[in-house]
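Indexing begins at 1, ligand by ligand and atom by atom, following the structure's order.
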Amino acid sequence: MINLNVVILAAGAGKRMQSSLPKVLHNLAGRPLLAHVINIARLLSPQKICIVIGHGGEIVKQSTAADDLTWVMQEQQLGTGHALMQAQSHLDKDGFTLVLYGDVPLVSIDTLRELIQQSEGKYFSLLTALVKDPFGYGRIIRDPETSEIIAIVEQKDANADQQAINEINTGVMLIPNIQLHSWLPNIGNNNAQHEYYLTDIIGMAVKENIHIRSTHPRNFWEVMGVNNKHQLAELERIYQKEQAYNLLESGVGITDPARIDIRGELSCGSDVEIDINCIFEGNVKLGNDVKVGAHCTLRNVTVESGTIIHPYSLIEGAEIGENCKIGPYARIRPGTKLASKVHIGNFVEVKNSQIALGSKANHLSYIGDSVVGKHVNVGAGTITCNYDGAYKHQTIIEDDVFIGSNTQLIAPVKISKGSTIGAGSTITKDTPEDSLTLSRTKQVSYTEWKRPTKLKK
Ligand code: UD1
Ligand code: CA
């Protein structure tokens with residue numbers, strides 16, 4: 001491994017985002033652009049990661065701070081060369097500096113490893129790309145005879161011939177530190193934009209007869225930057241499709257790879273099927289044969305094998321056992337743990353509760369702060385009244401309990417093993433085992449009673 005410093009340029013204002021949030025804090029796949037770049041940098045195990053901040057720098061720093069990051073303030077954005085000058089005192093004497101960009105979030109580890117590899121521990125290396133429309137980019141100028149890189153000319157400084165060149169500078173480069181330290185002080189701003197161009201060091205290298213290598217990214221989207229929300233949305237889709245394709249390749253069934261969003265890590269067993277418009281956030285693990293219906297959101301969830309999640313379910317911070325049936329329209333909230341063969345049906349909300357083997361709550365219920373035993377049947381419209389306005393209380397429902405529909409269980413309360421609750425009851429006291437408990441007035445009928453009617457005029 002070479003001694004590596006990474007500098008991430010992130011000082012730009014990002015005016016075209018039309019937002020008060022600094023550009024590099026906008027989310028792609030649920031994480032800030034800058035977080036993607038830092039993540040990739042860390043995978044290279046560098047000695048140092050320096051981040052050059054400017055506009056909204058304090059906010060960027062506060063929201064991203066970590067022990068392994070060095071922050072450098074660039075008060076005025078006078079160009080990419082100027083940005084690197086601000087970081088110079090943090091760079092090692094030898095080894096290499098890899099330059100990355102806070103608004104170019106998808107550069108891949110494979111591409112960067114290739115760039116590092118072909119530098120062979122000594123060569124200055126550029127990541128360049130061949131594009132149909134090079135407008136706006138710095139052009140790579142090569143010697144017509146040797147094909148060696150001899151300069152980079154920015155769009156605004158390029159003559160007509162140079163503008164026709166379709167090999168462009170992606171901006172990503174790996175620079176030997178010894179030379180970088182000698183070149184940086186010599187960068188001037190005598191150009192069309194009066195900026196200190198980092199790309200001027202290419203000319204300096206050539207003057208010193210230093211050979212420059214180059215390599216291309218595997219995919220062009222790896223070096224696409226975000227300047228506005230349109231480009232952000234475009235990159236989001238590219239990223240999502242890429243993830244979907246990887247899953248498809250590994251055998252996951254995805255009905256439509258254009259209609260899935262993974263904002264974190266999704267890992268799947270064999271024969272998993274995911275219908276359209278599902279969102280996976282944080283860490284989601286799906287076991288073998290799990291089916292996820294259309295329009296579901298799963299956030300930090302583990303689902304064991306054979307479970308079916310029907311459409312429009314929202315599951316968060318939960319562990320779902322094997323062969324469960326969830327939804328449609330189920331809401332499962334954090335702290336929930338379902339054992340095997342549990343059924344949670346439509347318009348059932350479960351929060352911070354454990355439900356044991358084979359128990360069912362199929363319709364219109366709220367189960368909160370509860371411990372539910374095995375083979376319990378929770379009737380439609382059952383509510384655990386867990387909150388007294390100040391404190392949350394627990395409901396315990398033991399094995400083989402049957403709760404009639406439209407029952408309120410006023411916590412703290414225990415429904416003992418084998419007991420049955422008659423429909424429409426409000427239960428305030430613990431029930432004895434294997435008993436029937438009701439709390440409702442006896443049914444009465446008044447045969448003389450007449451409905452009120454309007455008087456005829
Ligand atoms: C730069 C390259 C160009 C390349 C292009 C790729 C130079 C001189 N030009 O041009 O060859 O084709 O990127 O997209 O390097 N930044 C700072 N501080 C500054 C200036 C820039 O942090 O003072 C950051 C910006 O936030 C941005 C990145 O550096 O993330 C690139 O800056 P930008 O001004 O967009 O460079 P380009 O003109 O696009
Ligand atoms: Ca740019």
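- When only interatomic distances are considered, the shortest N/O to N/O separation between Ile152 and ligand 1 does not fall below 3.5 Å.
- Using a 4.0 Å cut-off between charged nitrogen and carboxylate oxygen, Asp369 and Lys392 do not count as a salt-bridge pair.
- Between Glu265 and Lys285 no salt bridge is recorded (no basic side-chain N to carboxylate O distance below 4.0 Å).
- Note on Asp271 versus Lys291: no salt bridge recorded, every NZ/NE/NH1/NH2 to OD/OE distance being 4.0 Å or above.
- A salt bridge links Glu349 with Arg333: at least one charged nitrogen is closer than 4.0 Å to a carboxylate oxygen.
- The aromatic rings of Tyr329 and Tyr312 sit parallel, their planes meeting at an angle under 30°, below the 60° perpendicular limit.
- The shortest N or O to N or O distance between Val52 and ligand 1 is not under 3.5 Å.
- Contacts between Asn227 and ligand 1 below 4.0 angstrom, taking non-hydrogen atoms only, are absent altogether.
- Which parts of ligand 1 touch Gly138 is read off a 4.0 Å heavy-atom cut-off, strictly below it: atoms 3 (C), 4 (C), 11 (O), 12 (O).
- Between the choices Thr128, Thr170, Thr80, Asn169, the shortest heavy-atom distance to atom 36 (O) of ligand 1 belongs to Thr80.
- Residues Glu114 and Arg218 are paired through a salt bridge, judged by an N-O separation under 4.0 Å between the basic side chain and the carboxylate.
- Residue-to-ligand polar distances place Asp103 within reach of ligand 1: an N/O pair is separated by less than 3.5 Å.
- Under a 4.0 Å criterion applied to the non-hydrogen atoms of Tyr197, ligand 1 contributes the atoms 8 (C).
- Selection from His82, Met173, Gln74, Glu154 by nearest heavy atom to atom 9 (N) of ligand 1 gives Glu154.
- Salt bridge present: Arg213 and Glu120 bring a charged side-chain N and a carboxylate O closer than 4.0 Å.
- Looking at ligand 1, you'll find an N or O of Leu78 within less than 3.5 Å of one of its N or O atoms.
- Proximity of Ile168 to ligand 1, defined as any heavy-atom pair under 4.0 Å, is not found for any part of the residue.
- Not less than 6.0 angstrom separates the ring centroid of His211 from the ring centroid of Phe124.
- Of the candidates Gly79, Gly12, Gly102, Ala83, it is Gly79 that places a heavy atom closest to atom 23 (O) of ligand 1.
- In terms of heavy atoms, Gln162 sits closest to Asp157 at OE1-O, 4.1 Å.
- Under 4.0 angstrom from ligand 1, the non-hydrogen atoms of Tyr137 come from both its backbone and its side chain.
- Within the structure, the closest approach of Ala10 to ligand 1 falls below 4.0 Å when heavy atoms are considered.
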